[in-house]
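Just so we're on the same page: letters track the sequence lines, and every chain starts at 1.
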Amino acid sequence: MNIFNHFKDIVNVTIEELSQAGELPEGLDLGAVSVEPPRDPGHGDISTNAAMVLAKAAAMNPRDIAEKIAGALRDVADVASVDVAGPGFINLRLDDSFWQARVAEILLDGLGYGDSDLGGGEAVNVEYVSANPTGPMHVGHVRGAVFGDALASLLAKAGYDVAREYYINDAGAQIDVLARSVYLRYQQALGIDIGDIPEGFYPGDYLIPVGEALAKEQGDAWLDQPEEVWLKPVRLAATEAMMRMIREDLHMLGIDHEVFFSESDLVASGRIDQAIEMLRAKGLVYEGVLEPPKGQKPDDWEPRPQTLFRSTEFGDDVDRPLRKSDGSHTYFAADIAYHYDKAKRGFLRQIDVLGADHVGYVKRLEAAARAATDGKGQVDVRLCQLVRLYRNGKPVKMSKRAGTMVTLKELVEEVGKDVVRFIMLTRKNEAPLDFDFTKVVEQSRDNPVFYVQYAHARAHSALRKARESFPDMNFSSVGLAEADMSLLTDPAEVALIKAMAGWPRMVETAAEAHEPHRIAFYLYDLAAEFHTLWNKGNDDLSLRFIIESDAERTHARLAMVLALATVIRSGLEVLGVDAVEEMH
RNA sequence: CCGCCCGUAGCUCAGUUGGAUAGAGCAUCGGAUUUCUAAUCCGGAGGUCACAGGUUCAAAUCCUGUCGGGCGGACCA
């Protein structure tokens, strides 16, 4: 249960009742009323701005309105006290019993705690990674991959019907380059000395086995044959091999897309032409010549007649070419067809995760999505900034040309999937992120992955110890849910429960904002709350979770501890990080 | 020249879609260890939210402009 939504309903009903009773004007617009946690917990548990946003329409002093609403709220179940503060905030404090009841709720919901019906089962398509199938995944791809995957999980938890999709750019000129590079390796596999890999080819060793496989399969059939003979089949084989490799790489990170959508399929099936015709029918396509870009003019610029899409009608800066001067379609035309296809498959909500170097592409994508769906659909393009790698605080030098890129595989093998995933989500996506190989495996408070994992492990450590001390006690979630939670009265205990009870709201706000990093920060804060409580037991033995002389209290506290572990695990699950029960 | 993103404590960053006295971590200073629970915790100090206007009950948040940094800017993908 999102307790803030719950109390928002109560506040709204209260206001309507006051209207009916003539205490407030009728027909007030409650749209701007928010019910949220106050910034300062000292103000209470729940705060609403209702009086302030209604003051103008009601033609009343906000404090007067607040007093009326507050008076009515005092009679509501679970409300311990109501205060009016500042310019007209209404602050609610809830009974401890309300918070204590959350513990059982969490235990009975299990990992489903925090599930929301915010999305109402609406279909959302999240497209992410979509790296060109020309080589292994490297660090540059990882952030977007993790971000997209976590966002997809987050939206699923928030009640959307999520599809995870990968767009394979297998139709462009770079695939021809890939095929020729593989052909070299094919020749090499048949014993021909190819010398150094020439400029303009992909030099990576990862193509050697692809060439070898082709040699085994085809023998010398393609040797000394013109490109027309082998290019097409080699392209296909090479792309398939690259995609197998990429899927394996992604799998190491816990990422498994449901749909792999091929650009060349789009081309072959004529759907690009169909998409262009669709736009033409709406009067959004014309033949024309673009102005040169303002400011610095490219050296090779010349006026050219092109088939153009009126993306400026949808807020883009200039109209965009759909066909090159030779008549073939542009990458953008394929992308329109792709997003059109997604819409036809029922996805009016689409999310594209791209690298920050694609900023210039965002407006035209949004334009395309709206044009293709008559404004009903929307695409949210999320850009991920660079990741800067460090080791011992020193930058790791990488160069694509020199072949010194750190691959996804190396990254995961060195620090582990969980570390990579968590750290990638410790910054909002559009901010650059530093990733220090040394720091991220450190076992200290500076390292958020460890800090959160440790809280979870500590919780399980307490449970293990408790089982030894009380062998007859039922420590299952159902058994613990029956504990007498009214024994959880210490302020630090109640504070921890409040933090846990904030999880459902966190899911909803993070999902609405499309910002999975908020989950990582929430988990860090929640872990801190738990460590604080844990440590209080050092100073004050009566606050320890396990009290040998008091089975009832122990049972209740362990219920809280398991609830904490459950919320952390639930959060880590959204991030795709495993919760460990023991540190080593 | 144009577009987008960023600018918050010495450093790295949050900031609940416009709320109250702007928060963490690191670093620094001072404390807690006879460890069933210190890989942790408590406290102090640290701020012109880049700058200037505007919008309103209320602005780090929204609008305009300026400065600084990053990214991008036709038949590449």
Of the listed B/A20, B/C41, B/C13, the closest approach to the A/Asp434 side chain comes from B/C13

Looking only at B/G19, B/A77, B/A20, the nucleotide nearest the A/Gln174 side chain is B/A77

Side-chain atoms of A/Lys56 come closest, of B/C57, B/G3, B/A20, to B/C57

Among side-chain atoms of A/Asp352 and A/His339, is any donor-acceptor pair under 3.5 angstrom? yes

inquiry  = Does B/A38 have OP1 or OP2 under 4.0 Å away from a side-chain N or O of A/Asn538?
reply    = yes

Give one of base, sugar-phosphate or nothing for A/Arg505, where a contact means two heavy atoms less than 4.0 Å apart.
base

Note to self: If the cut-off is 4.0 Å, is A/Tyr361 near the phosphate of B/C71, judged by side-chain N/O to OP1 or OP2?
What the structure shows: no

>> Please tell me if A/Arg39 has a side-chain N or O lying less than 4.0 Å from either OP1 or OP2 of B/G19.
In response: no

From CZ of A/Arg518 across to P of B/A24 the rounded distance in Å is 19 Å

Notebook entry, point to check: Would one find a side-chain N or O of A/Lys428 under 4.0 angstrom from OP1 or OP2 of B/G15?
Noted result: yes

Among B/A24, B/A77, B/C6, the one nearest any side-chain atom of A/Tyr524 is B/A24

Among B/A38, B/C71, B/U16, the one nearest any side-chain atom of A/Glu36 is B/U16

Check your understanding: What interatomic distance, in whole Å, is found between P of B/G23 and the corresponding atom of B/C29?
Key -> 25 Å

Looking only at B/U12, B/G15, B/A20, the nucleotide nearest the A/Glu515 side chain is B/G15

Original post:
Is there a donor N/O on one and an acceptor N/O on the other, under 3.5 Å, for the side chain of A/Thr330 and the base of B/A77?
Top reply: no

Assign the ring pair A/Phe545 / A/Phe530 to parallel, tilted or perpendicular, where the plane angle (0 to 90°) is split at 30° and 60°. parallel

*Give me the ring orientation class for A/Tyr522 and A/Trp503: parallel if the planes are under 30° apart, tilted from 30 to 60°, perpendicular past 60°.*
parallel

Regarding the side chain of A/Ala513, the nearest nucleotide among B/C6, B/U17, B/G25 is B/U17

Closest to the side chain of A/Asn535, out of B/G70, B/A32, B/C57, is B/A32

